[in-house]
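The structure appears right after this line, and notes come after that.
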Amino acid sequence: MITKSSLQKTTFLEEHAGQYGYDGKIDRIRDEEYPQLKNTIYLDHAGTTIYAQSTFKAFAIDLASNLYGNPHSKSPSSNLTAQKLDSVRTLVLNHFDTTPGDYQVIFTQNATAAIKLVGECFPWTKNKSWLKYLRESHTSVIGLRAFAKENEVDFSTVNEDEIESMIRKKNNDLASNLCEDSQTVYNLFVYPAQCNFSGMRFPLSWTQGIKEKFNNDSSRVLVLLDAASYVMTSQLSLKDTETSPDFVSISFYKMFGYPTGIGALLVKSELAPILRKRYFGGGTVSAVLYDIDYQQFRPSLSESFEDGTTNFLSIIALSHAFSTFIALFTSFNQATLHTSSLISYLYTQMSSLKHYNGSPVCKIFSTRDFNNPVEQGPVLNFNLKKADGSWIGFSEVARLAGIQNIDLRVGGLCNPGNVTKWFNVSQKELMMAFQSGKVCGDDQDVINGKPVGSVRVSLGAMSTIDDVLALIDFVKEYFVETSPPVERFRTKHLSKNMHLNPIKSCKGFSTDQPWPISQQGLLYDREWMLIDAQSGRALRQTQYPRMALISPAIDLINNVLVISAPGLPSLTMRLNELSNFEVELRESRICGDKINSLEYTSLEITSFFSKFLNVSCYLACQSSFSRRYIKEKLSSSANAPLSLSNESPFLLVSQNSFDCLKSQIGSEKEQVIDLRSFRGNFVIEGAERAYEEDDWKLLRIGEQFFELLGPCTRCQMICINQDTGERTRDLYSSLVKCRSTNGKIKFGQHMVHVPKLSKAPYVISSGMEAEILELRKIE
Ligand SMILES: *Cc1c(COP(=O)(O)O)cnc(C)c1O
């Protein structure tokens, strides 16, 4: 976990004492009520905020002590439910500062369902009404245009400036044509109170402004305020019906984290006569005949609009969510103060981050004053840039945040209007991207050098300064470049072959084919070994140099392993089909570890190896019953499974380091030293200087990520000629002179694959580009 600067925290606490922390209670609230946030920096409250423990405790007691029947029955248990539902409706109306006379609450599944309900029931007039929505609308609002099309009315979008000038302009060009039969034409205008993408708030006064301009005798504009994001941390008042919106959509999980599956549409009561409810179902009718088209809706809006049985237990849970919220945070206004202090601090810090060359690290997407909660909600939407000014894709930020247990949201955030507004990507470019396979929510983050999504950080009532500082530290640590990129950004790539050693200590096998990898290494790397029949120990090339002449080759297409050795007919074995051979479980030893191995008992196989090496031995592979694991000294990846390799699943060697070593040992030995003896799986080319790989920590090869664990300590095996199996005397000591720490030769780096960061399928191809993402800290 990232360490936080306590000095920054102290300064913040001093400066925001009046606003932050609910009179010093926040840390206790977090400990007691939100234990589930302990190990995560949770910064996706606009996705959903997090529930408090007290809500459940109170709800559990409620459920245990009351019997709740279906509210449509007439039993005492049913009446109790109906009563509770009424009281929750009242609670919701009170929360929005209004009464049943002015507004009705229709419970829905979520905000989207509330918005959809407006589209379904809206009194559209064919060819005369219009639908307009703000460009910054959520896709749930954009979907309303399906109703516009179905009802043959025009739809269009507007941006902020257009609305402002529309409201200021005198003449009323948006009013619809008069209906011949002089019926009122209704038009629908929709906008979010707070943008879910940027946290920017839009004036609540627009509602009145729009109505004043466009309402007349023949035409009226009804306003749907999408308040799903706004009400999370702010109080919305619907007290003044002259100026308040006609419809308000919300989702309760965004306010409380729990219950989920409950939203509401608040509707002005006076609209009851004009809304066109069509479908009728359980609970919504007061009269119905089964075979004649006769039915009567119930009189109240909520009764006639809530089809079927409502999610009544969740609605009851909602009352506990409300009271818990008030008990913990006093009011939504307090939550506004608290979150506002945090977001303004976060904004100030992030917008002042600079690279070594003075270029900004963070581009923030909002034009609002972050100190003012009327203008900006507790959301920070941004993209990061490198010192050279190029964009860092949001997928990379998300991947790295993921390993630091930081939860945030990336992408287009269900808000295509904002993607176009901020990123300068045209509709045409987006259309082309979609047509060539881009889908919402994928990790294609940059198109034609322009981002098509961003990173959103959002806070909730229970967020703390520690959460915010952790994010700032994360960005500083991973993305702020403090010095010029000397070798860091120079392209490196793998050499044209990758190497594996299917049989431990035998000759390596090189391939230029794309090769699958797993946590245990390249597929079939060190899958097999030769076991001394007497001692049960794995044979090693240092004792039996002729092993270097046994040459296994894997053919992935035909799924065979072919083993050849000079003077012997080659052996062909099918891969993955142990059953073709008789195998026997045995105990053996490898690098001091006791393991169970599966022995191939076929005489043909056994005599092949025994004859060639002149020692009684057999071929074996590791049984899945006894896995070996990476040793603890190799850091964070201890306990990752290991094949038959000595210490780690992957070994990386650098061509530059090898060239350097070669030039140091003196010309007479230059001929005999061979990079193949170092048994690297990957040979990296293009490093700036020898041994720079010792400083690397996180490496990307193609779409695969690797953590470097540390240098590999070498034994005498590097002195065996891989073509002749002969040992070159003195080579080892010459090498020790050139490159040793405490008399040991360290060459190459151990690595583990990091599947969490990597893209499936996990495959590596030779020649792939490699990039260093993180350097080891100098201790
Ligand atoms: C979250 C959100 C929605 C959609 O809410 P659901 O609960 O997914 O239906 C719509 N609009 C805005 C502004 C939102 O923030």
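Remember, it's 1-based here, ligands and their atoms both numbered in the order they're listed. Sequential numbering from 1 along the given sequence is applied to the chain's residues.
With Phe256 as reference, Phe322 is the one residue of Phe322, Phe56, Phe59, Phe329 to meet the ring-ring contact (aromatic ring centres under 6.0 Å, His included) rule.
Residues passing the salt bridge (charged side-chain N to carboxylate O under 4.0 Å, His left out) test with Lys385: none are found, sequence neighbours excluded.
Contact of the Glu306 side chain with the Leu85 side chain is not registered, since no non-hydrogen atoms from C-beta on lie closer than 4.5 Å.
Ring orientation note: the planes of Phe107 and Phe252 are tilted relative to one another, at an angle of 30° to 60°.
Between Arg135 and Glu162, no side-chain nitrogen of the basic residue sits less than 4.0 Å from a carboxylate oxygen of the acidic one, so the salt-bridge criterion is not met.
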Which pairs of nitrogen or oxygen atoms, taken one from ligand 1 and one from the protein, are under 3.5 angstrom apart?
from	atom 1	to	atom 2	distance (Å)
ligand 1	7 (O)	Ser251	OG	2.5
ligand 1	7 (O)	Tyr253	OH	2.6
ligand 1	8 (O)	Tyr253	OH	3.3
ligand 1	9 (O)	Ala111	N	3.4
ligand 1	9 (O)	Thr112	N	2.8
ligand 1	9 (O)	Thr112	OG1	2.5
ligand 1	11 (N)	Asp226	OD1	3.3
ligand 1	11 (N)	Asp226	OD2	2.5
ligand 1	15 (O)	Lys254	NZ	2.7

Q: Begin with the C-alpha distance, continue with both residues' side-chain angles, and end with the deciding distance and a verdict on salt bridge (charged side-chain N to carboxylate O under 4.0 Å, His left out) for Arg278 and Glu120.
A: CA-CA 8 Å; Arg278 280 164 294 169; Glu120 263 170 11; 6.0 Å; no
